[in-house]
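First up is the structure itself, then whatever we jot down about it.
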Amino acid sequence: MKPVPDKLKAEELVQLKWLMGSVLTLLSLWSLWSLQFGLELLIVLGLVMVSFSVWRPQLLEKIPERLWTYMGPIILVGIVADFALNVSGRAEFLPPLVRMVMVLLIYRCLAPRKRREDLQLILLCLFCVVLAGVLSVSMLFAVQILLFMPLAMGLLFTICLLKYSDTDEPKVTFLKEYRVGLLFGRVRASLDYKFLGFGAFLFVCMVFVSSFIFILMPRFNLDQAIPFLQTGTTSKSGFSSEVRLGKVTEIRQDNSEAMRVDVPSLDAVTERPYWRMLVLDRYDAGFFRQSSDAASLVHMDVSRLESRLLNGWERWPVPFSEQTGATWTFYLEGGISQYLPLPGQFNRLRFSSAKELLRNNSLLTVQTDIVQQSVLSYQLEDLQLSSSVPATNDEVEAFLSSGAQTSSIDEMDGPSYPMSLLELLMPDVDRAYLAEINESLHGGERMNALEYGRLVVGHLYSNHLYSRSPSNGRGEGDEVVRWMREGGGGHCEYFSAAMILLAREAGYPARMAVGFAGGSWNSVEEYFVVRNSNAHAWVELYDAESKSWLRFDPTPGSDTSDTSVPFSDQVQIDVGMAAWVDSLRIQWYRRVVSFDQDDQLELAETAKGFVERAAKAISEGIRGGVESVKKWWGEIVTTGDWWRTLPMVLFAGLCWFCVRYRQFFGHLWYRVFRRADEMDPQRKQASVYIRKLDIKQAALDKKEGTVPGRFLAIRVELEAIRFGPEQDRVTIAAIFARAKRVL
Amino acid sequence: MSKPTALKGRLADWTAPDYFEVGPEKEASFFTQFMRQLLPSHRQRTQLTRTGWFLIIVAMGIGSAAYNTASNILFMTLSLVLSSLILSGVLSLFNFRNLNWTVLAPKQVRAGEVGMARVHLENQKRFLPTMSLFCLVEHLESDRKERIHLQEAVRPGGVADFECSLTLRQRGLNTVSLTGAESEFPFGFLNKIFKLEESTEFMVWPASVKYSFSKEVGGRRVMSGSSRRLAGVGTDLLNIRPYVQGDPPRLLHWKATARLGKPMTRQLAQEGESGYWIEIDTQASQWSADSFERMCSAVCSLASDLFAAGRFDGIWFPDTGFTLVRNLSDLHDFYDRMSVLKLDEVMKASSKMRKPRRLQFRATDTQEVSIYIDETRAGQTES
């Protein structure tokens with residue numbers, strides 16, 4: 001006989017409850033780590049304190065209970081002060097809120113707990129996990145919530161068990177005898193593994209049920225938002241409106257994923273993509289920046305709006321013939337930039353919820369109002385990769401009227417856009433050096449921007465090598481010009497800056513574009529991965545002939561694409577465990593984070609399509625079967641080979657025989673294969689009818705006070721089958737039929 | 001929940017004693033069972049506990065935030081919270097399945113004493129234990145239901161007993177009923193209440209009273225050592241008869257038992273002093289309600305002591321006449337009759353038996369009861 005597991009005593013349940021509460025707290029503190037609110041120190045302190053309380057809770061008991069009571073108001077005062085000192089706008093509301101929750105959580109975990117306090121602890125832990133999940137949208141949330149649920153349910157279960165025992169209040173002595181190792185041993189000894197297995201099975205079922213609920217829950221686009229949940233952070237410095245030379249390259253040190261792009265197919269990526277994010281027009285001593293003064297903004301067509309759907313650029317529409325409705329879905333990691341990567345023209349830009357946007361129709365960039373802390377997803381419909389960008393009318397007119405005049409530091413007070421694209425603020429010595437190079441390149445001959453650009457790119461390729469550490473010693477004059485003089489290695493910003501300066505000196509308006517270039521293909525889930533190491537800077541040169549900005553990438557080794565080979569054959573393919581792990585992340589974004597009404601409709605359509613196809617296949621199968629039978633019969637009639645019907649007739653006869661005498665066969669089966677304790681199926685069936693009759697009889701008796709005679713009559717017959725000698729099948733079948741009618 | 005029916009397999013064996021008892025309706029059809037969960041019968045109630053209300057409020061908060069922000073993280077949390085509520089309901093349902101309840105009444109309990117009733121619970125599930133249950137017990141005299149909780153989990157196939165103390169004030173036929181079971185298992189969100197209709201009747205004997213009684217008054221002393229032709233506790237063998245419940249095991253006659261194949265008891269002749277018999281007068285004109293109760297208590301108390309001393313022969317009732325009390329079983333039957341004894345409005349003839357050592361009881365002015373032996377006062381009850 002199996003030994004009965006030794007049950008846990010009430011004291012041990014209290015200890016277990018304490019332990020589970022502490023583990024929940026640790027889990028919650030871990031979840032808060034993903035928030036970038038500068039709370040790391042407080043989290044570490046909390047982790048240490050809670051871990052210590054798990055290991056040695058006896059020391060906490062030395063704290064007098066009165067002190068815990070007094071601590072409450074002190075904490076409250078601290079919280080109020082924290083809010084008062086730190087909340088000055090909606091963005092600052094969250095850090096003090098999270099601090100408040102953390103302090104309350106640690107206090108509640110360490111203080112003596114009764115049932116009410118345990119429930120408060122669970123609520124606080126849930127709040128932490130959910131808040132961290134909502135703000136970070138990290139895949140880790142799935143792991144954390146799936147750990148949280150069984151722990152919380154285990155804790156609630158223990159609380160429920162304690163309620164039904166004599167002791168449901170923690171007493172000092174219970175924790176004095178607490179030893180983690182001992183407790184684990186006792187828990188293991190008392191575990192009923194069958195029950196545990198059943199519980200695990202039910203938990204898995206619960207996860208499935210919750211998935212169904214998640215999928216089926218109706219989604220409505222209310223386009224509202226709780227304001228303080230829109231958290232921002234600082235962007236990577238190479239992706240802001242002011243870029244110091246070298247900042248983009250700093251980003252390249254980081255090989256983590258910056259963006260994932262779901263493309264219609266790899267073939268849709270026809271060339272090396274340049275994920276254009278922002279455009280910088282002004283250059284001043286090693287700094288590239290975007291014109292931000294009021295005067296410049298007047299010349300730029302910028303609109304601020306709040307929307308979840310934007311139409312494409314009016315002056316850069318997607319040709320109607322190329323509008324297929326294909327969507328590219330972007331998942332931009334948090335903390336990258338306010339600017340959205342837009343690698344070409346598109347028909348529509350769509351977000352999952354309304355966002356505050358700044359749309360620059362001159363530079364053809366879109367930015368959000370804050371740098372998102374969590375993943376930002378958006379879709380571009382009918383995206384066409386393009387190596388050129390159309391110029392605005394203002395630009396065309398401005399460049400037409402200005403001719404090839406360049407400004408100097410002495411002559412202009414900082415021109416507004418687009419004249420800032422010809423601005424060259426540097427000492428005359430440096431300007432002269434640039435003029436010398438230009439002379440050597442085009443020899444004074446006027447050429448179009450494309451030819452000029454190629455010349456400059458060739459010159460830079462042949463005179464400089466790529467290096468992440470540019471050899472640029474200290475000295476006077478412009479940093480880029482100095483680098484050009486020295487002829488050393490440099491990174492993309494130097495190459496691009498050099499080209500811009502040369503072009504401006506030659507009278508070609510030029511600007512720096514910053515973003516990402518290239519990427520790799522994840523073969524597991526088939527999407528494009530763009531890493532921070534793909535950060536890049538390139539040049540846009542104005543071409544008066546085509547009235548557009550042509551893209552030039554003067555950095556050596558950056559353009560590895562061979563135009564004779566399709567890009568899909570050249571792109572780097574990610575394989576292996578890293579690719580698989582990253583594919584989980586894209587699955588998370590696709591299936592969970594970005595799941596919306598459209599996905600629900602798509603699922604419904606898929607399900608409907610499946611059902612329709614299945615029904616069609618079945619009906620075709622049936623129709624085909626009928627046709628073949630007809631054909632077969634027709635052949636027999638035509639040829640007169642009636643003997644071919646013999647197998648069919650025999651089969652039909654056998655079926656009829658089995659159905660007609662099924663009771664006999666059932667009885668035969670019972671006789672041959674029955675277990676020792678198995679009852680005759682006829683008697684068993686009679687028992688079933690008798691039982692049903694009893695129930696119905698009792699109900700009628702209670703309701704009407706009498707029992708109809710037919711009940712009694714049929715009961716006698718059923719009892720005869722059940723208890724009496726064997727009867728023939730026909731009689732039994734008739735009695736059963738009558739019983740069914742009575743019931 | 002139903003009475004014990006399934007001994008093995010789905011259908012009961014007809015040899016089960018309660019096979020033909022009608023129990024609560026048991027749904028066999030899955031669809032009917034499923035609908036019963038959605039629309040529970042009046043026999044089931046589910047109430048939200050305070051924790052459950054918190055859960056609902058939290059779910060509503062999360063739901064509002066989810067719809068407000070269109071955040072799938074919040075939708076995911078909401079769906080997990082809702083599914084945990086569903087899981088709670090499913091586990092709670094399993095906790096109550098296949099339980100067999102039996103109520104066992106207290107035995108040999110007198111009015112004014114505390115009787116212990118037992119609720120016997122059998123877990124007929126094959127895999128799952130049952131735990132965290134309360135059962136609700138009431139009896140005729142109680143104005144509220146007693147909530148008794150299950151101390152430990154009942155393992156699959158195991159049994160457990162709930163003990164309930166009943167304070168019984170009045171004699172007579174009483175009923176102890178198991179009216180329901182409730183549980184907040186497993187997480188304390190929902191309090192599920194199942195109505196039960198198990199009850200059992202038991203007799204509450206009259207209360208014990210103090211009394212004074214002098215046996216020598218009016219008693220004809222018989223020489224010790226002689227035997228009487230009455231069954232008693234002497235040493236002379238009077239008879240060998242079949243065993244009846246209540247006979248002392250030491251009186252079993254093993255040789256006769258072996259020979260006849262059924263238990264046989266030695267019946268010994270009454271020895272020593274002669275016995276008494278009690279005449280019961282139930283005429284309403286003789287008694288007030290209180291004195292009648294006192295009389296019943298006095299009769300039983302005195303009879304108990306006389307029987308223990310081996311000096312109790314029998315009792316005479318107006319409607320049934322004289323009944324011998326030879327053994328414990330007869331004595332208990334006598335107590336049962338006294339428990340339900342009522343005053344008679346109709347005049348009935350008194351006993352015509354002229355047997356000596358007749359004990360009679362009469363009311364006094366002070367609500368006490370006097371005890372008479374052959375018309376001579378021999379004692380009375382004392383408060």
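Note on naming: letters A, B, ... go to the chains in the order of the sequence lines (proteins, then strands), and numbering restarts at 1 for each one.
- The line from CG of B/Leu91 to CZ of A/Phe198 is 6.5 Å long, rounded to the nearest 0.5 Å.
- Proximity to chain A (any heavy atom under 4.5 Å) is restricted, for B/Phe189, to the side chain, taken from C-beta onward.
- Of the atoms belonging to A/Leu155, not a single heavy atom falls under 4.5 Å from chain B.
- Within the 4.5 angstrom heavy-atom criterion, atoms from both the backbone and the side chain of A/Leu202 approach chain B.
- Proximity to chain B (any heavy atom under 4.5 Å) is restricted, for A/Leu126, to the side chain, taken from C-beta onward.
- Counted within 6.0 Å of CE on B/Met60, heavy atoms from surrounding residues, nucleotides or ligands total 12 or fewer; the atom is thus considered open.
- Heavy-atom pairs under 4.5 Å with chain A peak, among B/Ser71, B/Ser84, B/Pro156, at B/Ser84.
- Among B/Gly63, B/Gly188, B/Ala153, the residue with the largest count of heavy-atom pairs under 4.5 Å with chain A is B/Ala153.
- A heavy-atom distance below 4.5 Å is found between the side chains of B/Leu87 and A/Met153.
- A/Thr158 does not touch chain B: none of its heavy atoms, backbone or side chain, sits under 4.5 Å away.
- To the nearest 0.5 Å, atom CE of residue B/Met76 and atom CG of residue A/Leu146 are 6.0 Å apart.
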Checklist entry - Run the side-chain contact (heavy atoms from CB on, under 4.5 Å) check on A/Ser210 and B/Leu82 step by step: do they pass? => result CA-CA 7 Å; A/Ser210 76; B/Leu82 292 177; over 6 Å; no
Item to check | Test side-chain contact (heavy atoms from CB on, under 4.5 Å) applied to B/Thr77 and A/Val134, step by step | outcome: CA-CA 10 Å; B/Thr77 311; A/Val134 167; over 6 Å; no
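- Using a 4.5 Å cut-off between heavy atoms, A/Met206 touches chain B through backbone and side chain atoms alike.
- With values rounded to the nearest 0.5 angstrom, B/Asn72 atom CG is found 9.5 Å from A/Met217 atom CE.
- Residue B/Leu80 touches chain A through both its backbone and its side chain, counting heavy-atom pairs closer than 4.5 Å.
- Between the CD1 atom in A/Ile213 and the CD1 atom in B/Ile86 there is a gap of 4.0 Å [rounded to 0.5 Å].
- Neither the backbone nor the side chain of B/Ala66 comes within contact range of chain A; no heavy atom of the residue lies under 4.5 Å from a heavy atom of that chain.
- Among all heavy-atom pairs drawn from B/Tyr67 and A/Pro218, the shortest one is OH-O, 2.6 Å.
- In this structure, B/Ser88 OG and A/Phe157 CZ are separated by 11.5 Å, a value rounded to the nearest 0.5 Å.
- Interface residue A/Ala142: backbone and side-chain heavy atoms are both found under 4.5 Å from chain B.
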Checklist entry - Step by step, would you call B/Ile73 with A/Phe141 a side-chain contact (heavy atoms from CB on, under 4.5 Å)? => result CA-CA 8 Å; B/Ile73 299 295; A/Phe141 168 77; 3.5 Å; yes
